[in-house]
Amino acid sequence: MPSQIPVSVVVAGSERTVEQGTTAGDLFADDRQVVVARVAGELRDLAHVLQDGDVLEPVLVTEDEGLAVLRHSCAHVLAQAVQQAFPEAKLGIGPPIRDGFYYDFDVAEPFTPDDLKALERSMQKIINSGQTFARREVSDEQARQELADEPYKLELIGLKGGAADDAAEGASVEVGGSQLTIYDNLDRTGEVVWGDLCRGPHVPTTKLIANGFKLMRSAAAYWRGSEKNPQLQRIYGTAWATKDDLKAYLERLAEAERRDHRRLGAEMDLFSFPEEVGPGLPVFHPKGAILRRTMEDYVWQAHVKAGFSYVTTPHLSKEGLFHTSGHLPYYADGMMPPLDDDGQAYRIKAMNCPMHNLIYRSQQRSYRDLPLRYFEFGTVYRNEKSGVLQGLTRVRMITQDDSHSYVTKEQAPGEIKHLLDFVLGLLRDFGLDDYYLELSTRDETGEKKDKFIGSDEQWAEATAVLEQVAVESGIELVADPGGAAYYGPKISVQARDAIGRSWQMSTIQYDFNQPERFGLEYSAADGSRQQPVMIHSAKFGAIERFMGVLIEHYAGMFPPWLAPVQVVGVPVAEDFDDYLRDVEGQLRAEGIRVELDLSDDRFPKKIRNASRSKAPFILIAGGEDREAGAVSFRYRDGSQKNGVPVADAVAEITAAVRSRVQV
């Protein structure tokens, strides 16, 4: 029987008095959507016994935090099923990730698709049995004794604390806190049937996972992400609040696969990654190069209109430049190895800003010169690991529409607003009109704090300026603690594509460090020498990545102004080839990109081929069209418009291109 001594708590903003011994689960027993509680800002199991003064909020399984807990619990069920089927399997790490979870195992043989099906069946039995998760605090020594047969868990014990994720991806879900805990899985009789080192929290019962989960695939993964360590087998899964949510997710995945820019890039003959060149280094074929040049022309004109001056800088530099900028001390792993030139070390550049600083420093500057804005299409090279490369969206060759604004402190808010308006206008023109902002700040605690240079006052001032502009924009703002660059905070624009996925696109960064490191100055109105603020911005971010996102956003069906081929002409028979050549000439005179299918294929096959090209306009010409001085339109949705006078057809196509109409 619980004691009658009352405990005062605040539940969802309302003060309540409950009996001692009451748990968070007791308060939310009527709502099965509640899977954990947030107590004093931290997630707790529903078994958490309330203490006097606790402030708690329910967390629903449909919320991001609730889903993460559900997925982490599902990862435990997977690990239990694996050790049932493969008793010698050793456990690695099993964190929740975006849209799912994974767990790493040391097993004798890689998992097969049949293994995954069998494991799913075992997991369903465990879930249906209604096991509960029981949290238990243990000392380091107790944990070592209980986990003596788990070498990877023993290693994690030594990583305990705030730096766990620095030492091993996903480790914070197991040993991220100062207190080690083990979660036991209990059957209906209360007997322990399995357990795992884990920080928690977990859902109160496996039954909440129900049948909204699926194992997706397996892959090799090095322990702690290093090729020097043993190679483990990673099983990826997904879990959702309901089976309907799972079904919707799988449908989104199927749609994403249909839109995969790597597949469409090959089908549309846009780009390739020849083995002879190397991983992460794309070559652009004629149609891909046209698309890229169209993007570059657009952003060139936009920068000139926005008051930027175009500059160009070399692809490599003496190594000392990147020591001055701080990139080598803080970003060496992301740069390509040094090149030796008779004892002088050079580096292929991974960023453009150090050279822009040298252009600024080449002359005396006055406050009257500011804002001073530079931009270039600067191709930089990053030493990305081959395992993370992914088509155009993660490459080693990155062409940035890179710009740097040098301003006074007083001008900084206005310049950031100017850049944000520029970015949003660009995204809208490219058909991305659903977005939110993310404010990336430095990590204020733990070892990560040492990765950021500058004083507390400088960071506070810079962050406040960015936050003010972001809030005043009225756009949704999300915090990203610890996500800043080493030299200053940033705003990034996160755009949602046609199927709801978020992509980090443009960034705007406030830099108070590089002007100091390079000794940049300007003459102020009172004659004193002052240090400018440097604002970094990349509108595309990277042209390669932006192109990959656009291909998937449009599923290859670009709006007319962007389409590599804007018109495909298809004669009904060879007799009409010359007639369509004349139409082609009129369109080319207006700057329209046209292809004619003059092959020996039969007309129906030509139409199918033209449709697969994803060109916005297919023009057909037969006997009636020629007699009337007309053409027939066939659009991408399958609709058709017949007998359009050639002059009107040319006007329709050129108007669509020049007005940048969307799909």
- Could you walk me through whether Ile127 and Gln124 pass side-chain contact (heavy atoms from CB on, under 4.5 Å), step by step? CA-CA 5 Å; Ile127 290 165; Gln124 195 66 68; 4.1 Å; yes
- What's the verdict on side-chain contact (heavy atoms from CB on, under 4.5 Å) for Arg496 and Tyr436, showing C-alpha distance, side-chain angles and the deciding distance? CA-CA 8 Å; Arg496 299 180 182 94; Tyr436 62 95; 3.2 Å; yes
- Message: Pair Leu119, Ile235 - check side-chain contact (heavy atoms from CB on, under 4.5 Å), show working.
- Response: CA-CA 10 Å; Leu119 289 169; Ile235 296 179; 3.8 Å; yes
- Task: List the steps, then state whether side-chain contact (heavy atoms from CB on, under 4.5 Å) holds for Val493 with Leu437.
- Result: CA-CA 5 Å; Val493 182; Leu437 305 181; 3.8 Å; yes
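Residues Tyr152 and Asp106 have side chains in contact (heavy-atom distance under 4.5 Å, counting atoms from C-beta outward). The closest side-chain heavy-atom distance from Glu251 to Leu253 is not below 4.5 Å. Between Asn185 and Thr132 the shortest side-chain heavy-atom distance does not fall below 4.5 Å. Proximity of Phe133 to Cys198: side-chain heavy atoms (C-beta onward) are nowhere separated by under 4.5 Å. Two residues are said to be in side-chain contact when any heavy atoms from C-beta on lie closer than 4.5 Å; Phe101 and Leu78 meet this criterion. Inter-residue side-chain proximity for Ser502 and Glu438 is flagged as unmet; no heavy-atom pair is nearer than 4.5 Å. Residues Leu215 and Met123 form a side-chain contact, since some pair of their non-hydrogen atoms from C-beta on lies under 4.5 Å apart. Contact annotation: the side chain of Leu550 approaches that of Leu432 to within less than 4.5 Å [non-hydrogen atoms, C-beta and beyond].
Here the shortest heavy-atom pairing between Glu63 and Pro58 reads OE2-O, 3.9 Å. When all heavy atoms of Ala241 and Leu67 are compared, the pair lying nearest together is N-CD2, 3.9 Å.
Salt bridge status for Arg16 with Asp54: absent, with no side-chain N to carboxylate O gap under 4.0 Å.
Annotation: cation-pi geometry satisfied between Arg234 and Tyr102 (NZ/CZ under 6.0 angstrom from ring centroid, within 45° of ring axis).
In this structure a side-chain-to-backbone donor-acceptor pair under 3.5 Å is present from Gln83 to Ala89.
Annotation: Asp637, atom CG; neighbour count of heavy atoms from other residues, nucleotides and ligands within 6.0 Å is above 12. Crowding of Asp333 atom CG: a count of heavy atoms from other residues, nucleotides or ligands under 6.0 Å not exceeding 12. Within a 6.0 Å radius of CZ in Arg136, other residues, nucleotides and ligands contribute more than 12 heavy atoms. Summarising the local packing, NZ of Lys214 is surrounded by 12 or fewer heavy atoms from other residues, nucleotides or ligands at distances under 6.0 Å. For Glu141, the CD atom sits in a packed shell: over 12 heavy atoms of surrounding residues, nucleotides or ligands are nearer than 6.0 Å.
Proximity of the aromatic rings of Phe546 and Phe430 is defined here by a centroid distance below 6.0 angstrom, and this criterion is met.
Between the side chains of Glu155 and Trp223, a donor-acceptor pair is found at a separation under 3.5 Å. Checked by atom type, the side-chain pair Tyr183/Asp45 shows a donor-acceptor distance below 3.5 Å. Using modelled atom types and a 3.5 Å distance limit, the side chains of Asp187 and Thr189 yield a donor-acceptor pair. In summary, the side chains of Glu146 and Gln142 do not present any donor paired with an acceptor at a separation below 3.5 Å, with no hydrogens or angles considered.
The only option from Arg545, Gln390, Glu544 that meets the side-chain contact (heavy atoms from CB on, under 4.5 Å) definition with Val395 turns out to be Glu544.
For the atom pair Ile182 CD1 and Leu147 CG, the distance stands at 5.0 Å (nearest 0.5 Å).
In this structure, the side-chain hydrogen bond (donor to acceptor under 3.5 Å, both in side chains) partners of Asp260, at least two apart in sequence or on a different chain, are Arg262.
Classified by interplanar angle (parallel below 30°, tilted 30° to 60°, perpendicular above 60°), the ring pair His76/His72 is perpendicular.
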